[in-house]
Amino acid sequence: MEGEKGGRKSAEYEAVVSAGRHLKRLQQAHAHLVVTGCYRSRALLTKLLTLSCAAGSIAYTRRLIRSVADPDSFLFNSLINASSKFGFSHDTILFYRRMLHSRIAPSSYTFTSVIKACADISHLRLGTLVHSHVFVFGYVSDSFVQAALVTFYAKSCKPRVARKVFDEMPQRNIVAWNSMISGYEQNGLAREAVEVFNKIRETKVEPDSATFVSVLSACSQLGSLHLGCWIHECIVESGITMDVFLATSLVNMFSRCGDVGKAREVFDSINEGNVVLWTAMISGYGMHGYGVEAMEVFRRMKARGVVPNSVTFVVVLSACAHAGLIDEGRAVFATMKQEYGVVPSVEHHVCMVDMLGRGGLLNEAYKYVKGLRPEELVPAVWTAMLGACKMHKNFDIGVEVAEHVINAEPENPGNYVLLSNMYALAGRMDRVASVRKVMIQRGLKKQVGYSTIDIDNRSYLFSMGDKFHPETNEIYRYLDELMWKCKVAGYAPVLELAMHEVEEEEREYALRYHSEKLAVAFGLMKTGNGVILRVVKNLRICEDCHSAFKFISVVTNREIIVRDKIRFHHFREGSCSCLDYW
DNA sequence: TTAGGGTTAG
């Protein structure tokens with residue numbers, strides 16, 4: 001009899017499990033449990049709850065838990081874990097509150113899940129409160145809870161607090177290290193992330209795939225190719241399997257560090273790529289201005305049966321915009337909606353405005369902007385339109401658009417600089433002065449531009465007019481000579497974008513010592529013929545530097561690759577890969 | 001029979 005009973009229970013369990021993540025089937029299984037009288041079984045209820053979370057139905061999960069008179073510790077923990085894992089963070093916190101009200105003590109399992117929920121919604125106040133509960137209930141030395149706290153503080157923009165928790169850990173497994181590396185990387189502290197990675201190598205802990213994914217993101221942020229290549233070597237040496245996550249990170253890293261050829265090599269070495277990998281490769285070509293190659297990969301992707309998603313279309317449209325492929329871009333936008341049913345998002349609209357605007361179709365671009373719904377008129381749309389007006393020197397639309405940009409983002413100093421430039425180009429110097437006045441009144445300062453260049457595995461940082469480098473005098477002298485040679489070859493400084501309140505001679509001086517020029521001069525001084533210079537700039541490259549680098553590539557016979565805020569520029573033999581679409 | 005931490009594309 002006992003065996004039969006056990007067998008019957010098992011069949012019920014099987015019925016719940018086989019319903020899987022399908023809400024309808026779970027509800028049928030639930031009904032069956034009620035009919036057979038098995039609905040009081042805690043194990044079956046627990047399974048039902050976790051599966052309904054997995055099925056994405058938090059409403060059904062809530063109904064189920066309400067039907068349980070006295071949920072026990074096991075049930076709460078399962079519920080808290082599942083709701084947190086499947087992204088129902090707010091519910092996780094509510095379930096946790098209910099658990100405390102029921103006077104059921106949380107465990108380390110409870111805390112890891114609740115802390116993850118707080119991390120996912122970056123709820124600093126709540127997470128800090130939960131941290132205090134961790135002390136009260138005595139789980140402060142639990143390594144899982146500590147790792148979760150590191151991630152929580154990092155995701156709540158408190159990397160220093162994350163580091164404090166990390167430093168206080170008596171034992172650190174690879175997950176704890178990974179939490180700290182990705183925590184730094186996500187807060188824009190790429191150098192710190194690489195430092196932590198280096199520290200792991202002093203321990204006996206072996207890096208895993210996630211370690212490399214995070215540290216590769218840090219390399220991408222820095223744009224440091226030598227660092228990225230070194231991590232690549234570490235991956236090969238570690239013998240770790242090249243999974244699709246790792247391959248995607250490598251493709252990204254090589255693209256964002258300026259070696260799209262290497263990115264392609266990694267991409268080609270993977271047989272079964274998913275949409276993320278294909279999108280990364282297309283994005284890589286796009287940011288380098290290789291629109292034709294981007295479109296070719298996009299075509300092959302579709303031929304392979306990999307279905308493009310919303311992000312894929314953003315990178316494809318962006319590639320078209322940066323390569324002047326307007327007709328292709330229009331066609332892609334049409335198929336996106338018709339064939340793939342992707343609803344255009346704000347990002348797609350920005351790409352379309354950017355593409356039409358860069359292509360000189362300013363009226364069409366402006367018509368497109370005016371056709372958008374009010375909620376779609378985000379600052380990025382206006383900024384794209386403004387960039388186009390500046391590029392094609394259309395001051396009438398430009399000034400109008402600039403006013404919208406300021407209204408949309410009154411705290412962004414970059415917008416005032418754009419507006420000021422627009423007025424200056426239109427010859428309205430009175431307006432230039434008044435914009436500057438507003439900036440001063442509002443306490444807004446221009447973002448400081450800086451450039452980095454890697455030479456002999458070391459990274460050097462330059463900012464405009466800075467004289468901190470020990471070889472400053474040599475660099476400035478070298479640059480003066482270089483610019484003189486460029487002038488002989490036909491270079492004329494693009495003065496109108498320099499600071500407008502200074503005299504012409506000073507304006508040229510200010511332009512001459514822009515951070516990217518200092519970095520290039522230093523690179524030329526320190527490297528031999530044939531070495532490609534790779535410079536990373538935090539802002540967009542200025543128009544004058546862009547013009548100067550074309551001449552420098554001729555007079556020095558060097559290739560210069562500059563990564564600016566939005567894309568790459570390859571200067572070779574007097575021209576730039578962006579074809580001045582920038 | 002039910003439950004734990006980190007990572008990927010613009």
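In what follows, every chain begins at residue 1, and chains take the letters A, B, ... in the order their sequences are listed.
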Go through [options] for me and flag the one nearest to the [X] side chain.
X      : options              : answer
A:V213 : B:dA3, B:dT8, B:dA9  : B:dT8
A:N178 : B:dG6, B:dA3, B:dG10 : B:dG6
A:T50  : B:dG6, B:dA3, B:dG4  : B:dA3
A:K155 : B:dA3, B:dT7, B:dT8  : B:dT7
A:T248 : B:dT8, B:dG4, B:dG10 : B:dT8
A:N309 : B:dG4, B:dT8, B:dA9  : B:dA9
A:K85  : B:dT7, B:dA3, B:dG4  : B:dG4

Please report, rounded to the nearest Å, how far the [atom2] atom of [N] is from the [atom1] atom of [X].
X      : N      : atom1 : atom2 : value
A:M253 : B:dA9  : CE    : C1'   : 15 Å
A:Q171 : B:dG6  : CD    : P     : 20 Å
A:Q221 : B:dG10 : CD    : C1'   : 15 Å
A:L75  : B:dT2  : CG    : C1'   : 9 Å
A:D142 : B:dG4  : CG    : C1'   : 9 Å
A:N187 : B:dT7  : CG    : P     : 12 Å
A:K116 : B:dA3  : NZ    : P     : 16 Å
A:W177 : B:dG6  : CH2   : P     : 18 Å

- Item | Mutual orientation of the aromatic rings belonging to A:H288 and A:F568 [parallel < 30°, tilted 30-60°, perpendicular > 60°] | parallel

- Parallel, tilted or perpendicular: which fits the ring planes of A:Y290 and A:H570, with parallel below 30° and perpendicular above 60°? tilted

- Task: State whether A:E168 and A:K164 are salt-bridged, where the test is any N-O pair (Lys NZ or Arg NE/NH1/NH2 against Asp/Glu carboxylate O) under 4.0 Å.
- Result: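 Yes, this pair counts.
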
- Query: When you check the gap from the basic side-chain N to the acidic O, do A:E265 and A:K262 get nearer than 4.0 Å?
  - Reply: no

- Message: Taking any heavy-atom pair under 4.0 Å as a contact, classify A:Q186: base, sugar-phosphate, or nothing.
- Response: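 It contacts sugar-phosphate atoms only.
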
- Looking at every strand, decide which applies to A:V314 at a 4.0 Å heavy-atom threshold: base, sugar-phosphate, or nothing. base

- Item | Whether A:S214 side chain and A:T211 backbone form a donor-acceptor pair below 3.5 Å |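 A pair under 3.5 Å: no.
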
- Query: Which residues, if any, of residues 268-296 of chain A bring a heavy atom under 4.0 Å of DNA chain B?
  - Reply: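 Contacting residues: A:V276, A:T279, A:S283.
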
- Query: Heavy-atom count around A:R62 CZ within 6.0 Å, excluding the residue itself: above 12?
  - Reply: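 Count over threshold, so yes.
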
- Message: If you count every heavy atom of other residues, nucleotides or ligands that lies below 6.0 Å from A:E272 atom CD, does the total exceed 12?
- Response: no

- Within 45° of the ring axis of A:F166 and under 6.0 Å from its six-membered ring centre, is that where the NZ or CZ of A:R172 lies? yes

- Query: If you take atom types as modelled and just measure distance, does the side chain of A:N77 reach the base of B:dG4 with a donor-acceptor pair under 3.5 Å?
  - Reply: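 Donor-acceptor pair under 3.5 Å: no.
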
